[in-house]
Participant: 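Structure incoming, see below.
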Amino acid sequence: MSKKIQKKAGKSPPRRPTSRNRTETLRPALEKALRRMPKAKPAKRAQGVGTVSAGNLRGKVRLPETEDGNSAFRIPFPKDLAHLDGMSPLVIRWHYEMEYLHSYAQDSPFFAGLANGRLLGTRCIHCRYTFATPKGHCMRCGEKTRWIELPLKGKVHSWTTCYFGSQEFLKETPFNLVLVEFEGADTLLLSRLVGVGQDGIAVGMEVKAQFRRNAKLLASDVYFVPA
Amino acid sequence: MNEVYMIAGGVTKFAKAHPEKSFQVLVKEAFDYALGDVGMETKDIDGSVSSYFSDHFLRQLMGGAMVQDYLGLCPKPGHRVEGGGATGGLGFQAAWREIASGRMKCCAALGWETMAHVNTWKGNEFIALASDTNFDYPVGGFYTGYYAMMAVRHMHEFRTTPEQFAMVSVKNHKNAEHNPYAQYPGTYTVKEVRSAPMVSYPLTLLDICTMSEGAAVALLCDKDTAFSFAKRPVRITGVGTGTDAMRMADRPHGEVMLLPHEKKSDYAHLKYPGVHSFRAGRAASRMAYEQADIKNPLEELDFVELHDAYTSSEIQTYEDMGLCRYGEGGPFVETGAPFMPKVRYGLEFTGEQGVVPVNPSGGLLACGHPVGATGLMQSVFALWQLQGTVGKHFRDDSLQLKDPRRGAIHSHAGTGTYVAVSVLERGW
């Protein structure tokens, strides 16, 4: 710790004024403001709302009945509430969907590269550590990285064939995942390997990059095939 | 720093689904069991840590606040801890911090997960969101696929076999036959594990844990509180946490982090951790061992409850935790060392069975993996093991080890992104 900071840290907190503290100073002003507050009014009796809708054709206010969502008719219900303890749970469908506006931010050039048939990585300007999956800053020394072009040929570092998958990719099974290593890069790239089955893949096998003709701007715009 | 003890715990039955109980009720069941075990009341609890993983699975934010009010703990302190698969282990350690710091005398770690509100494949999609959603998920986000790639590299690097992975499955499913809380106990052969449907080569359906619902609660106390409520409190002597890069592709290929009993020359040619090992698991173990003054875990631990979401990751974790050297995980399981000493598995071993039982409870593979509850479940089973109360709580003492004095629990997230290792020992 530097001397300057030590001095600052050692300083005692500011003293409170001894004669009139904040509470005493504030009190009269607060009392004055409180006297100005509007008086509480007696509660109004509820009156019928004037809007006419399908819900109150018979003069009664109702939520409109709709036909979307869950619908169930004649759910059993016991006369004696004690019987509710053993009731089966009601399970409903609840749909949930959303759309994000997702920015690739500083990694955008990687995806622009894929759309142009180029495979980009990044290299630290300080220690030259080279990322085959781009990182804007070096995780080893913290410096900024710059964009570099990766070779389009690499080797399988590891692999698997997926026969099941997440819902989004289930229809694409079986598919192969590979971690690809590149000459001159310190880290790997996760990708798909196509055109070969489980029995045709091995660690160390040479693979080459191919690109989707119509880019979807996803990491899957690049994939690999046996070289 | 105050000494920290665990005095009681509770676990609900882990099951595919519990539609008849909300998460609050699941937690209450485990909480009441723990209180009842030591004659505590809610007023004796100073606050809580809530441990659940996924907002997607729960479809509810601030679930921790809802458990807090349901248990009658408001307005005492509470907060949520989340760290993927390691959520439970990290929750345990967050409760430890509350006691170690002196802020609380007794803290309840409350863990749960409800994973059956969506189908298994949608659930796998939710879990895969715990991989980089720019670079990993869109390629075919699937955790079993990620772990399978690590297993393949382990096989390449060390000549580990899928049959060795399968032995872990046989062990953990068999152990769970004596654990009434377990979701999928079973007797299998190596051949049956290998011929189960292939999910991601080399991992079959029986190499992988399942979606679960359930809760687990651990009560942690300072020394005075511990001894005033419990005859056999367990002391938490080591608390280690480690991390690694989110993307497997970013893991370095450098030098092994050594444990005190290892030498640099043991690993002259190994590029570490690559994707075959978990540096976070090694870092967490090293920190926990140092605090607990463990120099050689194989000699000084009586059992381990570790995060076997996949059979392959149990084998990788033997090595990270230093039960054997890196590369020896496959042969280690063949010696019989991580099996229970007296359970019959129908397997032949090359050495002594039960030297250091790993996952005596059946682990995640057979108990299930309701994520936020899992690490706390491990702590509860470790507590009962050390207290010698397995027979009382399981109503079957087949899994009770003889006179264990020290055990470790290991909770693991992502593809090895966060790992929490804690050492528990007899405190009385």
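In this text, all values refer to a predicted model and were calculated from it rather than measured experimentally. Every chain is numbered from 1 and lettered A, B, ... according to where its sequence line falls, protein lines coming before strand lines. Below, each value reflects all heavy atoms present in this structure, side chains not excepted, and no hydrogens, waters or symmetry copies.
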Participant: Treating A/T160 as the side-chain partner and B/G145 as the backbone partner, does any N or O pair qualify as donor plus acceptor under 3.5 Å?
Facilitator: no

Participant: Based on non-hydrogen pairs under 4.5 Å, which of A/D221, A/V180, A/L179 is most in contact with chain B?
Facilitator: A/L179

Participant: So which part of A/Y223 gets closer than 4.5 Å to some heavy atom of chain B, the side chain, the backbone, both or neither?
Facilitator: neither

Participant: Mind checking whether B/H253 and A/H157 have side chains closer than 4.5 Å, heavy atoms only?
Facilitator: yes

Participant: Got a donor-acceptor contact below 3.5 angstrom from the A/S166 side chain to the B/G141 backbone?
Facilitator: yes

Participant: Measure A/E168 against the heavy atoms of chain B and call it side chain, backbone, both or neither at under 4.5 Å.
Facilitator: both

Participant: Aromatic contact between A/Y163 and B/F142, with the criterion being ring centroids under 6.0 Å apart: yes or no?
Facilitator: no

Participant: Measure A/P174 against the heavy atoms of chain B and call it side chain, backbone, both or neither at under 4.5 Å.
Facilitator: neither

Participant: Side chains of A/D107 and B/F135: closer than 4.5 Å at any heavy-atom pair?
Facilitator: yes

Participant: Sort B/R153 into side chain, backbone, both or neither according to what part of it lies under 4.5 angstrom from a heavy atom of chain A.
Facilitator: both

Participant: Please tell me if the side chains of A/Q167 and B/N119 come closer than 4.5 Å, counting only heavy atoms from C-beta onward.
Facilitator: yes

Participant: Roughly how far, to the nearest 0.5 Å, is the OG atom of A/S220 from the OH atom of B/Y137?
Facilitator: 11.0 Å

Participant: Could you tell me whether the side chain of B/Y146 reaches within less than 4.5 Å of the side chain of A/L190, counting heavy atoms only?
Facilitator: yes

Participant: Does any backbone or side-chain atom of B/A148 lie under 4.5 Å from a heavy atom of chain A? Answer side chain, backbone, both or neither.
Facilitator: both

Participant: Any heavy-atom pair between the side chains of B/E157 and A/V203 that's under 4.5 Å?
Facilitator: no

